[in-house]
Amino acid sequence: MIDVINDIGETRRRMTEDRTAGRSIGLVPTMGALHDGHLSLIERARSENDRVVVSIFVNPTQYDDPADLERYPRTLAADVERAEGVGADLIFHPSPEDIYHDAYRYRVTESEFSRRLEGAHRKGHFDGVLTVVLKLLNIVGADRAYFGEKDWQQLQLVRDMAAAFFLPTHIVACRIIREVDGLAMSSRNIHLTDDQRKLAPELHRTLASKWSADEMTRHLASTGFEVDYVERRDGRVLGAVRLGKVRLIDNVQI
Ligand code: PAF
């Protein structure tokens, strides 16, 4: 049976033991509600490391909307089973009080790219993400940490932070896992109504089209999405939309 550890000191002790024994460590940071996209990250970590740690922590500081934080699905028992099924060795499930024992007085702020795209629509979001990722990387001391390309901006910022602070962990980018109709897998998808779920793959179809960003925005708006942004950047087209209360993001390589 896989170990679920809440205690930060105990997790560090286990990780030191592994490192001392010469075992490599892969970390998959998650907020739980694991879907096949997360499982593919765990599988990749399994194939490249001796030990695979999955962190499950719904990070309060990356939410600017308390209702959104409240809505995030908490499914620990099912998550543990799914993670174990694809070869995770340990679940790290700390409490917010332990992670933020400093009451979030210390935080990581990136002052340029984090203010654009997602950051322009979710105030303080990337401060929360970068701060918790730095804490997790410091606690686990992984050789490699795995992030999905669906959260493309997050991936770039985490990579840049690792470089900026000379972190020893290698940040590994993993491709987007999609449903058969093209919708990028996300823990938020379960909140879509049947009608919204039918419409949702149109985001991917549109971003993969040959249209300009303006044409994509107009098309998405005319089919029923509220569009936060569609933007071309670094050889990708990135988009974020809302369907009712559910916010969807996706990106496609041009
Ligand atoms: O991508 C996520 O699930 C979260 O932003 C992360 C990286 C686990 C930090 O809370």
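Basis for what follows: all heavy atoms, side chains included, without hydrogens, waters or symmetry-related copies. For ligands, and for the atoms within them, numbers begin at 1 and follow the listed sequence. Note that the coordinates shown come from a computational prediction; the quantities given were computed from them, not determined experimentally.
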Handout entry: salt bridge (charged side-chain N to carboxylate O under 4.0 Å, His left out) evaluation trace for K150 with D250
Key = CA-CA 6 Å; K150 183 174 85 66; D250 202 347; over 6 Å; no
Practice task
Check for a donor-acceptor pair, side chain of H38 on one end and backbone N or O of T30 on the other, with a separation under 3.5 Å.
Solution key: no
Practice task
Could you tell me the residue and atom name of the protein heavy atom closest to atom 3 (O) of ligand 1, and the distance to it rounded to 0.1 Å?
Solution key: M31 CG, 3.8 Å
Practice task
For atom 10 (O) of ligand 1, grab the closest protein heavy atom and report residue, atom and distance to one decimal in Å.
Solution key: Q62 OE1, 2.7 Å
Practice task
Side-chain contact test, heavy atoms from C-beta onward, threshold under 4.5 Å: evaluate it for R144 versus N49 and give yes or no.
Solution key: yes
Practice task
Using a strict cut-off of 4.0 Å, indicate which atoms of ligand 1 neighbour a heavy atom of V132.
Solution key: 9 (C), 10 (O)
Practice task
If you have a sec, work out which protein heavy atom is nearest atom 1 (O) of ligand 1 and how many Å separate them, to one decimal?
Solution key: Q154 NE2, 2.9 Å
Exercise for the section: For the pair Y72 and Y63, name the ring-plane relationship: parallel under 30°, tilted 30 to 60°, perpendicular over 60°. Expected result: perpendicular
Exercise for the section: For the pair W152 and F113, name the ring-plane relationship: parallel under 30°, tilted 30 to 60°, perpendicular over 60°. Expected result: perpendicular
Practice task
Have a look at ligand 1 and work out which part of T30, if any, has a heavy atom under 4.0 Å from it: side chain, backbone, both or neither.
Solution key: backbone
